[in-house]
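Right, one structure below, let's go through it.
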Amino acid sequence: MAAHLTKQELLDALYRPYRKCQECPLGTLGRNKVVFGEGNVDAELFLIGEAPGRREDLEGRPFIGQSGLFLDTALAKVGIERNSLFITSIVKCRPPNNRVPLPLEISTCTSLFLYNQIKIIKPRIICALGSVALNTLMSAKLSITKVRGTPLEYKDGILLIPTYHPAYLLRNRSKLNDSLADLALIRTYLSKTD
Ligand code: URA
């Protein structure tokens, strides 16, 4: 019975029927692997990016390419360990040439996966990496530059703290300190006990 399944079992059951997902156009546009997400199923922090890149598409794991390594370094600088969190992206399949995912792809994929992943994991804090994650999760059109580092109310008592996407930081190194400040704020919230 569902009540007795562990979080990992629930996540596995969510992913299993969609290993070769074709529910949205991305499934037929040259993608290799569906990148479901990975990490600590009891995580208090859930990091959400935009879409898998080339390395992620080939290996089926999130944030393992250049942006992922950059993100890991930034997290380590503020004392957040990658193995303490859960990490995924808004859409689970790589868009052709890394283009921005389209509204239909986002709505199909988030209803299938992401919203269920959030319900299963029940994080205290979501960190939206970049404007696609921010605006999808908040159902709004907010400026990442204006709201980065601001704790927003997501739902069910979950805080959403946005910061820049690591791929953007790789191209705009002058914003790295802002992002480190956002991650340090998240670290502070995580260390509060309620
Ligand atoms: N960018 C993302 O948003 N997700 C990944 O998994 C890799 C790069």
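For reference, positions follow the sequence shown, starting with 1. Numbering of ligands and ligand atoms starts at 1, following listing order.
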Give the atoms of ligand 1, by number and element, whose distance to some non-hydrogen atom of G49 is under 4.0 Å. 3 (O)
With a cutoff of 4.0 Å, is H165 in contact with ligand 1, counting heavy atoms of the residue only? yes
Just checking, is any N or O donor in the side chain of S179 or K175 under 3.5 Å from an acceptor N or O on the other one? no
Considering only heavy atoms of P62, which atoms of ligand 1 have at least one such atom less than 4.0 Å away? 6 (O)
Nearest to atom 4 (N) of ligand 1, what protein heavy atom do you find, and at what distance? S89 OG, 2.8 Å
Step by step, would you call E56 with R94 a salt bridge (charged side-chain N to carboxylate O under 4.0 Å, His left out)? CA-CA 8 Å; E56 291 80 12; R94 183 190 185 203; over 6 Å; no
Nearest protein heavy atom to atom 2 (C) of ligand 1, by residue and atom, and its distance? A51 O, 2.9 Å
Any donor and acceptor pair, going by atom type alone, linking the side chain of Q117 with main-chain N or O of F36 inside 3.5 Å? yes
Would you please indicate yes or no on a ring centroid separation below 6.0 angstrom for F70 and H165? no
Inter-residue atom distance L137.CG - I118.CD1, 0.5 Å rounding: 5.5 Å
Which residue owns the protein heavy atom closest to atom 3 (O) of ligand 1, what's the atom, and how far is it? E50 N, 2.6 Å
Tell me whether E56 has any N or O atom under 3.5 angstrom from an N or O of ligand 1. no
Please list the nearest protein heavy atom to atom 6 (O) of ligand 1 with its residue and the distance rounded to 0.1 Å. F63 N, 2.9 Å
Find out whether L75 and L85 are in side-chain contact, i.e. whether some heavy atom of one side chain is under 4.5 Å from a heavy atom of the other. yes
